[in-house]
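Read the structure below first, then the notes.
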Amino acid sequence: MKSTITKISSVLVNARFTARVTALAAFAAFTLASAAWAAPTPQEILAASDVVRNPDYPFGLTNTLVEYRNGKQTDTSTLAVYSRADANSGQFRSLIRYIAPARDANKLILFSGKDLWFYDPSSKASIRMSPQQRLLGQASNGDVVTVNLAKDYQATSAVEEDTQDGDRQTKHCNKLSLSASTPDATYHHIEMWIEVGNNHPVKAKFFSESGKLLKTAYYRRYEKQLGIDRPTETVIIDGLDPSWVTVMRYSNLVKRDVPEIWLQRDYLPRFKPE
Amino acid sequence: MLNRKYVASQRFICIATASLCLITASHSHAADKSDDADLSALALADQLPSQVQANSNWRMFAEAAVGSSHQRSGGSQDNQDNRGNQGNRRLSFDVQYDGSVATGWRAVFSDRLDIDSPAQGNALSNSARENGINTIKEAYISWAVQPNTMLDLGRINVRNGVALGYNPTDYFRSGAQRSVVSADPVSMRENRQGSIMLRAQSLWDGGSFTAIASPELASDRNTATFNPDVAATNSRSRYLFTLSQRVADGITPQVLLFKDAQHPVQWGLNVTALLNDSTVAYFEWSGGQNSSSLNQAYRAQNIPVIDDQQFRHHLASGVTYTTSSKISLTAELQYNGSGLDQSAWKNLPTQSLPLYGLYRGALQNSQESPTQRAAFFYGTWQDVGISHLDLSAMQRMDLDDQSRMTWCEVRYHLNQLEWALQWQHNGGSRFSQYGAAPRIDTVQASVRYFF
């Protein structure tokens, strides 16, 4: 009898222990699963959108820019872009070569943080540029393309809202508010709409320190490039003069070696990619 | 009283509500306008064709120019009317090729032909020059021994220096200017012949080392139209070693060591820095034991002189400021330690006019200033009023004789065509640096077509 009670007691004890362990395990699993399914932070969304726009390895592409003023085409340029992310800052450093128009053919611009150089093969002149010159003309639009926003900006908020994309379709997006977090950041403040689910950049507005809208960019014509869907066209609308529109279309996106030695002033006179 | 208060509060509510409606409508209207602008822009982008411009190894253009200059008395009689005005015409052809000929091998060729009427002046003699001047700017092959090590052999236009108006470290500029079509320093750098040399360069992350050997190959100058005029650039052996190394974020100084057969070693330093987001500062210096430019001119003509060799400095330092309106302004101070000081320069023409002329002629080849102190200002303004219309202006001031050269240009450019209008004025006393120039005022219109 006593042994039976003991057996029953031990079974009951074992059963309670097992139940407790099972409950604990279930709770732990639920917690882990909840953590896995927790909403990404604004900064994580921003970083994910950077990956959509730019590969995280050195690459080259051709950028065809067409400029419109008051609805009429006024300028067109074709640039070859060679980019790699800096090992320390994670920000892209780029070498831009003009293919067209003929008057600018083979001129080079080197973007390496605040170290900016212009090289003219005709005069052999290497001229250092200021970041202000980077904001003028088409040089500024490179910022909209090859830049890791998550490195230079802090996403301070994310609000879900619907917006029209570059194809006039309604997209459900996270609207991020970005503030410059490093001295190298070109813009003081950015608003960015990133599609929920796939982190595709849809639209962005770039602001100066005074709050003036400098430009609006639409990312569109998504195509499979280097393994994932990426925007192959950016439409930029000048904030001060909305009739000034620049369309940048990217082609020939390839993974390629962009050696560190290319990204310095002394290499510019002999730059000649295959 | 209560009724009045009630009516007052109701009025306030109405006014506040109306204001709110106005503000909301205004924002909504602005947002609608913004949306309309976006939609228009996107509609434009929808029409963009898919073609992509292909790269070309060639760059060619032809340029035609006509002009008129007001001459000082005693100038050339060609095309000169009674008022001392001289007309001139020019036709130019420029071709550049830069292509890979095999894996690791590259060929570069750049040439320019200027046909002037009347012919440009001959700095070597008082005799007339041929109307055509062909300048072989570059003709060399390059071999990438390794991805970061290259060898170049041939005629190479090596240009050093970070300053804009005067480059003391541009050691290979001497004898390089064969044809002068504009006072614009950019044009003068474009249209000069390279020196025949062997060049080796090694690059690493943040730096590079370059070694150049340019041998003596000829001694007799020849300014005939298609003569390569090797003696202009290779009449003596020259060696240049250059080391660049990044020392801080955004600071990469360049140190140079130059030696030619006729002069002691010269040292050089180039450095640039960002003062703020709108301003670039630069400093260029060269120094070493050397005779004065006047002594060098005398010795070149075998005129005996007392040796005045000493350590001499040459420097150019300035800043470039860029505004948000696409205006860039450069101010530069220059010092030439081999030039004459103020009193020596003032006294030279009164001591001996032939020696004055000899001195000025020798400096045309070396591209040095006759005096010690100068200032340089340069400005550019892109898209002045309309797109593709650029304005450039420059002034060189000799601070020792107060003479000035002023130049400005308006250039309108499309994809393949450019039009330019240039004006230049030389002012100063009779024997001053710019006051002695044969042309007081020059106006030139040109059109350039890119193939």
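Computed from a predicted structure; not experimentally measured. Just the heavy atoms: all of them, side chains too, but no hydrogens, waters or symmetry mates, feed the values below. Here is the naming used below: chain letters follow the sequence lines, and residue numbers restart at 1 for every chain.
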| said: Using heavy-atom distances under 4.5 Å, tell me whether A:R128 contacts chain B through its side chain, its backbone, both, or neither. | reply: both
| Non-neighbouring partners of B:F61 that pass ring-ring contact (aromatic ring centres under 6.0 Å, His included), sequence neighbours left out | B:F450
| query | So which of A:Y82, A:F92, A:Y250 actually passes ring-ring contact (aromatic ring centres under 6.0 Å, His included) with A:F59? | reply | A:F92
| field | A:Y57 six-ring centre to A:K255 NZ/CZ under 6.0 Å and within 45° of normal | value | yes
| task | Under 4.5 Å heavy-atom distance to chain A, tell me which part of B:L414 shows up: side chain, backbone, both or neither. | result | backbone
| Part of A:Y267 within contact of chain B (heavy atom distance under 4.5 Å) | both
| query | Does any heavy atom of chain B fall under 4.5 Å from the side chain of A:P259, the backbone, both, or neither of them? | reply | neither
| message | Counting only non-hydrogen atoms closer than 4.5 Å, does B:R199 touch chain A with its backbone (N, CA, C, O), its side chain (CB onward), both, or neither? | response | side chain
| query | What part of A:R103 lies closer than 4.5 angstrom to a heavy atom of chain B: side chain, backbone, both or neither? | reply | both
| said: Looking at chain B, which one of A:R265, A:K124, A:K203, A:E233 has the largest number of heavy-atom pairs inside 4.5 Å, strictly under? | reply: A:K124
| message | With no hydrogens and no angle check, just 3.5 Å: does a side-chain donor-acceptor pair link B:E284 and B:N167? | response | yes
| query | Which bit of A:S122 comes within less than 4.5 Å of chain B, counting heavy atoms only: side chain, backbone, both or neither? | reply | both
| message | Quick check on B:D249 against chain A: is it the side chain, the backbone, both or neither that has a heavy atom closer than 4.5 Å? | response | neither
| remark: Comparing B:E138, B:R106, B:Q416, B:R448 against chain A, the one with the most heavy-atom pairs below 4.5 Å turns out to be B:R106
| query | A:E161 and A:W193: side-chain donor and acceptor closer than 3.5 Å? | reply | yes
| remark: The interface call for A:S243 against chain B, heavy-atom contacts under 4.5 Å, is neither
| query | At a heavy-atom separation under 4.5 Å, does A:Q73 approach chain B through its side chain, its backbone, both, or neither? | reply | neither
| remark: Applying a strict 4.5 Å limit to non-hydrogen atoms, the region of B:A54 in contact with chain A is backbone
| request: Flag the one option from B:D98, B:N276, B:L275, B:V162 with the top tally of heavy-atom pairs under 4.5 Å to chain A. | output: B:D98
| message | Heavy-atom cut-off 4.5 Å, strictly under: side chain, backbone, both or neither for A:R221 against chain B? | response | neither
| When only pairs under 4.5 Å are counted, which of B:G207, B:S328, B:S40, B:S110 shares the most heavy-atom pairs with chain A? | B:G207
| request: Under 4.5 Å heavy-atom distance to chain A, tell me which part of B:N191 shows up: side chain, backbone, both or neither. | output: neither
| Which atoms form the tightest heavy-atom contact between B:T279 and A:S130, and what is the distance? | N-CB, 4.0 Å
| said: Checking side-chain polar atoms at under 3.5 Å, does A:T182 have a donor or acceptor matched by the opposite partner on A:K151? | reply: no
| Atom group of A:T78 that falls short of 4.5 Å from chain B, counting heavy atoms | side chain
| message | Please enumerate all residues that pass side-chain hydrogen bond (donor to acceptor under 3.5 Å, both in side chains) together with A:K212, with sequence neighbours excluded. | response | none
| Test applied, side chain to side chain contact (heavy atoms under 4.5 Å, CB included); reference residue, B:Q201; option that passes from B:T149, B:T210, B:L151 | B:T210
| Heavy-atom side-chain contact between A:L116 and A:L110 under 4.5 Å | no
| message | If I measure from the heavy atoms of chain B, does A:D165 come under 4.5 Å with its side chain, its backbone, both, or neither? | response | backbone
| request: Look at the rings of B:F209 and B:F241 and say which category their plane angle falls in: under 30° parallel, 30 to 60° tilted, over 60° perpendicular. | output: parallel
| request: If the plane angle is over 60° it's perpendicular, under 30° parallel, otherwise tilted; pick one for B:H388 and B:H413. | output: tilted
| field | Interface residue of largest heavy-atom contact number with chain A, from B:N148, B:N415, B:L48, under 4.5 Å | value | B:L48
